[in-house]
Amino acid sequence: MNWEKLTSLDQLEAIRKESAERPVLIFKHSTRCSISRMVLERLERNWDVQEMDSHVKPYFLDLISYRQISNQIAALFEVEHESPQILIIRDGASVYDRSHMAIDYQQIRSTVKN
């Protein structure tokens, strides 16, 4: 996957604007959690770059290093904080929010392509 690292609160406003053009995916990852690592690896293994890169831009958040950004994501997109967590942002709002083993590549694919 071609992750864009999410390291600044300023990027959240850019993500909202960008999501008007195409969906944006945010993956919130805990570097201290083995489940988060497993979910991340499963997603990356299934991700089809050729198919998905034109449909969605993926952002990666290390929420241990950037907890303030994670908190702001929860507030801004009106979702409960979880980890690991995937959000798909379209037109400035979260249209898909899953965590742990509910994170599914086929559902993500379907959401961003519709």
Do [X] and [Y] sit in one hydrophobic cluster, given that two such residues count as connected whenever their side-chain heavy atoms are within less than 4.5 Å of each other, even indirectly?
| X | Y | answer |
| --- | --- | --- |
| V79 | M101 | no |
| L40 | L25 | yes |
| V112 | Y96 | yes |
| I15 | L63 | yes |
| V95 | L87 | no |

Looking at every heavy atom in both R42 and H100, which two are closest together, and how far apart are they?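 So the two residues come closest at NH2-O, 4.5 Å.
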For the student: nearest non-hydrogen atoms of L43 and M1, plus distance: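 Minimum heavy-atom contact is CG-SD, 4.1 Å.
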Would you compute the distance between atom [atom1] of [X] and atom [atom2] of [Y] and round it to the nearest 0.5 angstrom?
| X | Y | atom1 | atom2 | answer |
| --- | --- | --- | --- | --- |
| S36 | K28 | OG | NZ | 10.5 Å |
| F77 | Q72 | CZ | CD | 9.0 Å |
| L61 | I73 | CG | CD1 | 5.0 Å |
| Q11 | I26 | CD | CD1 | 9.5 Å |
| Y66 | N71 | OH | CG | 15.0 Å |
| I88 | F27 | CD1 | CZ | 12.5 Å |

Determine, step by step, whether W3 and E44 satisfy the side chain to side chain contact (heavy atoms under 4.5 Å, CB included) criterion, reporting the C-alpha distance in whole Å, the side-chain angles of both residues, the deciding distance to 0.1 Å, and the verdict. CA-CA 10 Å; W3 292 112; E44 289 179 331; 2.7 Å; yes
Under a 3.5 Å distance rule, please check whether [X] uses its side chain to pair with a backbone N or O of [Y] as donor and acceptor.
| X | Y | answer |
| --- | --- | --- |
| R98 | I108 | no |
| S19 | G92 | yes |
| Q107 | D104 | no |

Could you check whether atom [atom1] of [X] has more than 12 heavy atoms from other residues, nucleotides or ligands sitting under 6.0 Å from it?
| X | atom1 | result |
| --- | --- | --- |
| K113 | NZ | yes |
| Q106 | CD | yes |
| E41 | CD | yes |
| I35 | CD1 | no |
| E51 | CD | yes |

Report the relative orientation of the aromatic rings in H29 and F60; use parallel for angles under 30°, tilted for 30 to 60°, perpendicular for over 60°.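 Judged by the thresholds at 30° and 60°, the geometry between H29 and F60 is tilted.
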My understanding is that only one of E80, H81, E82 makes a side-chain hydrogen bond (donor to acceptor under 3.5 Å, both in side chains) with S99; could you say which?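 For S99, the side-chain hydrogen bond (donor to acceptor under 3.5 Å, both in side chains) check succeeds only for E82.
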Report the C-alpha distance between W47 and D53 in whole Å, list the side-chain angles of each, state the deciding distance to 0.1 Å, and finish with yes or no for side chain to side chain contact (heavy atoms under 4.5 Å, CB included). CA-CA 10 Å; W47 194 265; D53 275 9; 3.9 Å; yes
So L6 and L12, side chain to side chain contact (heavy atoms under 4.5 Å, CB included) or not? Walk me through it. CA-CA 8 Å; L6 183 48; L12 295 179; 4.2 Å; yes
